[in-house]
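For reference, the structure is listed below as structure tokens.
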Protein chains: 2
Amino acid sequence: MPSSPDSEPTGQPAPDAVLLDLDGTLVDTVYLHVRTWSAAFAEVLDRPVPEWRIHGCIGLPGDRLIRRVLGEVPEEAVRERLSRGHRERFLAAAEAGLHPTRGALNLLHDLDNRGVPHVVATAAGTEEREALMAALGNPDIAVTDADDLPGGKPDSSVMHAAAAQLDADASHIRMLGDAPWDGHAARAAGLSFVAVRTGGFGDDALREAGAAMVLDDPADCLGVL
Amino acid sequence: MPSSPDSEPTGQPAPDAVLLDLDGTLVDTVYLHVRTWSAAFAEVLDRPVPEWRIHGCIGLPGDRLIRRVLGEVPEEAVRERLSRGHRERFLAAAEAGLHPTRGALNLLHDLDNRGVPHVVATAAGTEEREALMAALGNPDIAVTDADDLPGGKPDSSVMHAAAAQLDADASHIRMLGDAPWDGHAARAAGLSFVAVRTGGFGDDALREAGAAMVLDDPADCLGVL
């Protein structure tokens, strides 16, 4: 498929280090997340929730997604049932097969070959993270996770932790993500943000979240990131 | 949930008649279509296809979706297996429950109450159309379908047929849809296009397709359409 005009190298200097979102960026999961959250909402609340609203919140931690989709904060027991309903469905579907996004594995090789330090940063829980990494063939790459952190996207604590792990100045780190939330978190941590379209978000939403470039997928990031 | 600024009435005169897209506009199906097409591609081609690319083609007739997603025209037997794989999965999931979009039933009542002639126009096949209408409670409303027509969206023949059924001048008919393809077809038939966000398409894509207004969902169309 032809590259979009936006996928041309920009002539910007290579970053000192790269921080990679996992869920939706390196693994093609966004639409599965929408449907599994939708099923959990329908089951727990006994009423449907608009799926486009769920899509708009994919990439947020569970509690924030729930609050934003519903416009209210349900009691903790309900939140737990919703999160469990989503997680169990997601993991069951993951068993049947998750797929890397186009070029995800090549991008990891490319960064290795070029000696660009990089880490994967994710707010996913342990089991989901393991399923996502397995979909990539469990590459030997550092993963910064949100388990021991207070926030999660768009809280920038994951980004700060990952940036610290990279031992590079934040302003010279480029973050690759697929959701506007990635952009907000990256910018809050002082990182530059490059977006891929794999999350199904519109270019305007990604640019409003601070994307310096919008590319189709990791295949388009080879030699650019 | 608060309405967006775009959902304010525009002061435009009421249309003489209204043509309503069904799949994705009155019934919340777009994300189910993405996942069921995705499963069909993975099974038939034995390789994954990017789900965001499928999303971008939802609303097109099957053969056009396949051609556009793959960037090539597979042989007829493969196309048939893909379409059947999608249809069977979609219908199986529909049995478990499809849901109207927010306000869809109220919008039909509102148009009835105000005496605004309206038809549902769809390019869906017979079984899918029946599942979609059942999700709405099988309302007593005329449905123009694409079964006997050569094209399908973005071919505007469904629109022309629906417009003829409405016995109104095309320029005074407003078409409600959720996908850019709806807009292209509407404009090609000389109808004005109002978009809802239920398809998960970005506002910019809907406006580029000619949307005069972009509203959240049918609930926002009450008294506006």
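Treat the numbers as computed from the prediction; the structure is a model and nothing was measured. Throughout, protein chains are lettered first and strands after them, A, B, ... in sequence-line order, and every chain is numbered starting at 1.
Per-residue heavy-atom pair counts under 4.5 Å with chain B were compared for G97(A), G202(A), P48(A), G200(A), and the maximum is reached by P48(A).
In this structure, R187(A) places its CZ atom where only 12 or fewer heavy-atom neighbours from other residues, nucleotides or ligands lie under 6.0 Å away. Residue N113(B) qualifies as enclosed at atom CG: its count of foreign heavy atoms under 6.0 Å is above 12. Around CD of E72(A), the count of heavy atoms belonging to other residues, nucleotides or ligands within 6.0 Å exceeds 12. Shown here is N138(A), whose CG atom has more than 12 heavy atoms of other residues, nucleotides or ligands within 6.0 Å. By the neighbour-count criterion of 12 heavy atoms within 6.0 Å, atom CZ of R81(B) is sparsely surrounded, having that number or fewer from other residues, nucleotides or ligands.
Contacts of residues 26-34 of chain B with chain A at a heavy-atom distance below 4.5 Å involve D28(B), Y31(B), L32(B), V34(B), listed in sequence order.
The contact between T198(B) and chain A is made by backbone and side chain atoms together, counting heavy-atom distances below 4.5 Å. V49(B) touches chain A through its backbone: at least one of N, CA, C or O sits under 4.5 Å from a heavy atom, while the side chain does not.
A distance of 12.5 Å separates CZ in R35(B) from OG in S38(A), rounded to the nearest 0.5 Å. The CZ atom of R53(A) sits 8.5 Å away from atom CZ of R197(B), with the distance rounded to the nearest 0.5 Å.
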